[in-house]
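Encoded as structure tokens, the structure appears first; notes follow it.
Order of the sequence lines fixes the chain letters, A, B, ..., with proteins taken first and strands second; residue numbering starts at 1 for each chain. Owing to the predicted nature of the structure, the values given are computational and were not obtained by experimental measurement.
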Protein chains: 2
Amino acid sequence: MIDLSQTASCSTKDLRAVRDALEVLNGKWKLQILIAILSGTKRFKEIAREIEGISDRMLSKELKELETHHLVVRKVYDSFPPVVEYSATAHTSSLDKVIYALKEWGYLHREKIIHASDV
Amino acid sequence: MIDLSQTASCSTKDLRAVRDALEVLNGKWKLQILIAILSGTKRFKEIAREIEGISDRMLSKELKELETHHLVVRKVYDSFPPVVEYSATAHTSSLDKVIYALKEWGYLHREKIIHASDV
DNA sequence: CCGTATCCTGCGAGATACTG
DNA sequence: CAGTATCTCGCAGGATACGG
């Protein structure tokens, strides 16, 4: 059974919550980075390779922002060559449902587009 | 019971789906507009009033984009003063889960921040 | 009421080159 | 490997004014 309380009906306060969420997850890359990290601790280059099109500069910048929001944990191993690992937090994990929903909707949307252009 | 298949684990194809979704919902206002409309058919000014800080220019622009993606339906009543109504589509409604998840996470995040600054 | 037309600004983001 | 440093540009998005 589906929990029918899962509606999008939003009070003003709810809207604020959504706004807050969007503010933290804004931009083209943040969610993609979080998805990569949620599947396990990863190194810088591993993340970069997983996300098509992202530049080192952007990845570095976004990771830093996410870190200040406590959405990723950065761990440096003092070795040569340098090793840095990024991992998720409990707080990140709670994004599961957002990502899942977004993924499902993405597929739906894709289908819709295909049908629409299916003249 | 919760469906445990709702994990964020994403294949490359899944990542594409998320990217597609983000592309359509990008920007500061789209989701907020959709939330407003999902709660019922609304007129231009009604939406504007509900979304704090949005300008007429932005609302107009975003609504147009959403319309081309078939996420809102625009209906014009030829009267004076003019009346224009915007409503959701079935496709928009399927965003329910995304919005709900985002809302829930927004609240969680807010709490987290409050605790963090609670020195 | 329901927008459009301009003008303007900052920042998101790519390209490239370089360091420890 | 894991980044930083510049430079550059487009465009998201704000302010203001006007039109049917």
Q: Taking only the side-chain nitrogens and oxygens of A/R74, find out if one of them lies under 4.0 Å from OP1 or OP2 of D/dG3.
A: yes

Extract all donor-acceptor atom pairs below 3.5 Å that involve side chains of residues 12-20 of chain A and protein atoms in other chains or at least two apart in sequence.
| from | atom 1 | to | atom 2 | distance (Å) |
| --- | --- | --- | --- | --- |
| A/D14 | OD1 | B/Y107 | OH | 2.6 |
| A/D14 | OD2 | A/S11 | N | 3.1 |
| A/D14 | OD2 | A/S11 | OG | 3.4 |
| A/R19 | NH1 | B/Q32 | OE1 | 3.1 |
| A/R19 | NH1 | B/E52 | O | 3.2 |
| A/R19 | NH2 | B/E52 | O | 3.2 |
| A/D20 | OD2 | B/R110 | NE | 3.1 |
| A/D20 | OD2 | B/R110 | NH2 | 2.6 |

Q | Atom-to-atom span, CD1 of B/I51 to P of D/dG13 - whole angstrom | A | 13 Å

Side chains of residues 56-64 of chain A: which donor-acceptor pairs under 3.5 Å do they make with residues two or more places apart or in other chains?
| from | atom 1 | to | atom 2 | distance (Å) |
| --- | --- | --- | --- | --- |
| A/D56 | OD2 | A/K45 | NZ | 3.4 |

Identify all pairs in which a protein N or O lies below 3.5 Å from an N or O of nucleotides 17-20 of chain D, and state each distance.
none

Q) With sequence neighbours excluded, what pairs up with A/S87 under the side chain to side chain contact (heavy atoms under 4.5 Å, CB included) test? A) A/T41, A/V73

Look for any protein N or O under 3.5 Å of an N or O in nucleotides 5-10 of chain D and output each such pair with its distance, or none.
| from | atom 1 | to | atom 2 | distance (Å) |
| --- | --- | --- | --- | --- |
| D/dT6 | O4 | A/R57 | NE | 3.1 |

Q: Could you name each residue pair satisfying salt bridge (Lys or Arg N to Asp or Glu O under 4.0 Å) that touches residues 69-78 of chain A, not counting sequence neighbours?
A: none

Q.
Using a strict heavy-atom distance below 4.0 Å, which residues from residues 58-66 of chain B are in contact with DNA chain C?
A. B/S60, B/K64

Q) Given pairs defined as Watson-Crick or G-U wobble with both distances under 3.5 Å, what dot-bracket annotation applies to DNA chain C, with ( ) intrastrand, [ ] crossing, | other strand and . unpaired? A) |.||||||||||||||||||

Q) Where each residue is assigned the nucleotide of DNA chain C containing its nearest heavy atom, which of B/E85 and A/I54 is assigned the position nearer the 5′ end? A) B/E85

Q | B/W29: ring-ring contact (aromatic ring centres under 6.0 Å, His included) partners, not counting sequence neighbours | A | none

Q | Heavy-atom pair of closest approach, residues A/H70 and A/T89 | A | O-OG1, 3.2 Å

Q.
Need one value for B/Y77: base, sugar-phosphate or nothing, where a base atom within 4.0 Å counts as base even if backbone is also close, heavy atoms only.
A. nothing

Q: For B/E50, enumerate each residue passing the side chain to side chain donor-acceptor pair (under 3.5 Å) test, keeping only those at least two apart in sequence or located in another chain.
A: B/K42

**Q.** Proximity to DNA chain C (any heavy atom under 4.0 Å), residues of residues 14-32 of chain A only
**A.** A/G27, A/K28, A/W29

Q: Please list, chain by chain and in numerical order, all residues satisfying side chain to side chain donor-acceptor pair (under 3.5 Å) with A/E46, sequence neighbours excluded.
A: none

Q. Are B/K30 and B/E65 ion-paired here, with the side-chain N under 4.0 Å from a carboxylate O?
A. yes

